[in-house]
Amino acid sequence: MSHAAPRGLRRLAFGGDYNPEQWPEEVWREDVALMREAGVTMVSVGIFSWARLEPREGSLDFGWLDRLLDLLHAGGIRVDLGTPTVVPPAWFYRAHPEALPVSREGVTYEFGSRGAICHSSPAYQEAAARITRALAERYGDHPALAMWHVHNEYGVPVLECYCATSAAHFRRWLAERHGTLEALNDAWGTTFWGQAYGDWEEIQPPRATPTVANPAQRLDFARFASDSALANFRRERDLLRELSPGVPVTTNFMVSPTQCDSVDYWAWGGEVDLVTNDHYLVAEEDRNHVNLAMAADLSRSVGGGRPWLLLEHSTSAVNWQPRGIAKAPGEMARNSLAHVARGSDGAMFFQWRASRFGAEKFHSAMLPHAGTDSRIWREVVELGADLGRLADVRGTRTVADVAVAWDWQSWWAQKLEWRPSQDLDTRERAEAYYAALFDRHLTVDFAHPDAAGSAGHPLVVVPALYLATAAAGAALSRYVADGGTLLVSYFSGIVDEHDAVHPGPHPGALREVLGLRVEEFQPLRAGQEVRIDGPDGARLRGDVWAETLLLDGAEPVWRYADGPAAGGPAVTRHAYGRGAAWYVSTRLDRADLDPVLAAAAADAGLASRDDLPHDVEVVRRTGETGTFVFVINHTGAEAKVPLASPGTELLTGTRADARLAVPAGAVRVVRLDD
Ligand code: GAL
């Protein structure tokens with residue numbers, strides 16, 4: 001995987017989506033002057049500009065964009081230029097109403113918003129290629145051009161389309177995946193409920209059905225939808241690479257499981273020249289900086305550990321959550337620098353100037369409706385200066401301690417209907433284990449289950465992996481046999497890639513490495529809790545789920561004290577080869593996970609970080625320009641943090657000794673002396 005940085009950018013990226021078409025041209029001059037004042041280095045332009053660039057089919061108007069790019073260039077601002085293919089104009093839909101997407105229930109989504117796209121539509125693909133080609137031919141070597149920004153957030157607001165064109169495309173995709181109809185019938189288990197297909201033409205997308213649809217069919221359709229959008233991304237990317245060589249091509253991801261669930265980013269990460277991500281805090285969530293850290297680690301991980309770029313976040317409130325909670329003073333800087341700590345080579349926003357009209361006029365911006373005499377503007381200017389001081393961080397890599405297995409496809413499968421409990425929740429488990437790791441100050445690399453054990457992490461955590469292929473199971477077994485430590489949570493390793501239960505008792509794909517069998521699932525009633533007793537009298541509480549386990553080599557470490565599996569093992573450890581595999585068969589909350597995680601981490605030889613204060617993030621980036629320790633204090637009190645060696649604190653320009661004091665709510669970045 002290559003790593004490409006925005007062309008001509010020598011500093012960290014700082015700026016935002018810039019939508020000048022919403023403003024008269026005299027405002028543009030003021031914009032550029034203010035961008036310079038704030039230390040903006042790059043803006044994203046043209047993402048929603050198709051109707052302005054091509055007001056009527058075939059009639060192109062580039063004059064305004066010529067003037068804008070020249071103005072930005074004269075101001076020293078680099079440009080991340082969008083292909084506007086997320087918003088085909090009204091004339092396009094009038095000519096091609098069949099390109100509108102259709103929901104599972106048969107509702108056609110109309111024009112008048114954005115993202116109304118059927119990714120299988122040939123008319124859409126042709127029109128998208130034409131406008132992309134025209135842009136690349138005109139601006140491919142423009143001196144302001146730093147990067148191409150294809151489309152916008154594939155996957156949201158809709159990805160799947162169930163129209164007749166998509167159905168035909170789905171059948172072609174299935175023929176390629178399964179080869180023969182027999183193989184498809186087999187993979188989909190169509191002997192169940194008499195669903196066998198005798199001809200490809202009989203197969204439809206899994207549209208709304210009277211009761212639960214075939215889960216393997218639904219899973220394949222989810223894969224198909226992600227692949228179809230990826231094919232459209234590739235078409236645009238390849239045109240841009242051909243016509244604008246040397247300029248990196250990206251599309252902004254939304255890797256956070258709270259924000260997009262329809263794209264398999266493991267398949268996409270290697271297709272972009274630079275991973276870029278958009279992240280929005282769930283403002284009302286308690287300790288929302290933890291999920292921010294998770295999204296940042298996931299962004300880095302889908303790019304194979306390369307530096308990536310935060311292309312959008314918010315200076316303060318967003319307009320699409322139930323309450324537009326404003327960020328507190330200093331929160332925007334903490335958010336921005338937390339992304340940088342975890343590998344982003346900059347911090348960009350949606351958007352530069354707050355809109356006066358349209359659906360997003362109550363979204364915060366770098367330049368708010370209040371203008372420059374505002375806290376937000378002052379903090380934006382300060383952040384620009386801070387990022388300027390961190391230029392040497394560019395290109396360095398974040399150092400992680402632990403791998404966490406994560407798989408979008410397994411999540412899709414687990415979320416389908418008629419699982420043993422409606423309270424099973426892949427995302428919730430991933431977030432809880434992540435939070436427990438965060439609270440132990442362990443930095444996480446996410447990994448596809450097939451590769452989770454291959455990067456040398458001493459501990460691999462599997463929070464929820466309902467779907468695990470035999471290959472993933474074998475890879476995790478090898479990892480443990482070779483000396484690794486594995487920590488697996490319940491309802492993992494149950495089905496294969498076709499949502500078929502692995503042969504034999506659960507958890508088929510992980511049974512051997514865990515050294516146990518599940519005799520019976522014991523889902524708990526709403527609100528029911530079970531007590532589990534552990535070493536030294538430690539007592540924890542589980543809910544949602546329990547299991548009756550039979551041990552084949554694993555040792556019980558915690559036992560159920562009550563509930564349906566009373567007296568039986570709840571948390572186990574299996575010495576396997578040169579390593580050990582831990583299993584947790586109930587839902588522990590973040591705090592109760594801690595002692596279990598501590599035991600597994602100690603098993604893995606990870607040093608405890610008990611000397612670091614709670615809710616103070618300490619993350620390292622290292623590379624040719626040095627080693628940088630980011631310390632982000634999310635608490636309301638000064639924090640003291642030990643450093644491995646003295647260094648220079650880059651934001652204040654002062655010396656830092658072995659014990660760094662970080663004021664309440666502040667961030668410090670120390671470049672270590674050695
Ligand atoms: C993003 C999107 C932006 C803007 C933003 C508002 O998902 O890419 O265009 O809508 O959300 O938070």
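Here the structure is a predicted model, which is why all the values come from computation and not from measurement. Start at 1 and go down the list; that is how both ligands and their atoms are numbered.
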Problem set entry | Residues Arg342 and Asp297 bridged, charged N to O under 4.0 Å | yes

For this session: Give a yes or no on whether a salt bridge exists between Glu236 and Arg133, defined as a side-chain N under 4.0 angstrom from a carboxylate O.
Result: no

For this session: Quick one: which residue pairs count as a ring-ring contact (aromatic ring centres under 6.0 Å, His included) with a foot in residues 316-337, not counting sequence neighbours?
Result: Tyr280-Trp320

Problem set entry | Sidechain N-carboxylate O distance under 4.0 Å for Glu382, Arg378 | no

Report every pair formed by an N or O atom of ligand 1 and a protein N or O atom separated by less than 3.5 Å, giving atom names and the distance to 0.1 Å.
from, atom 1, to, atom 2, distance (Å)
ligand 1, 7 (O), Glu153, OE1, 2.6
ligand 1, 7 (O), Glu153, OE2, 2.7
ligand 1, 8 (O), Asn152, ND2, 2.9
ligand 1, 8 (O), Glu153, OE1, 3.1
ligand 1, 8 (O), Glu153, OE2, 3.1
ligand 1, 8 (O), Glu312, OE1, 3.1
ligand 1, 8 (O), Glu312, OE2, 2.9
ligand 1, 9 (O), Arg114, NH1, 2.9
ligand 1, 10 (O), Arg114, NH1, 3.4
ligand 1, 10 (O), Arg114, NH2, 2.7
ligand 1, 10 (O), Glu360, OE1, 3.3
ligand 1, 10 (O), Glu360, OE2, 2.4
ligand 1, 12 (O), Trp320, NE1, 2.8
ligand 1, 12 (O), His363, NE2, 2.7

Exercise. Got a salt bridge between Arg94 and Glu57, using NZ or NE/NH1/NH2 to carboxylate O under 4.0 Å?
Worked result: no

Exercise. If you measure from the Lys or Arg side-chain nitrogens to the Asp or Glu carboxylate oxygens, is any gap between Asp66 and Arg138 under 4.0 Å?
Worked result: yes

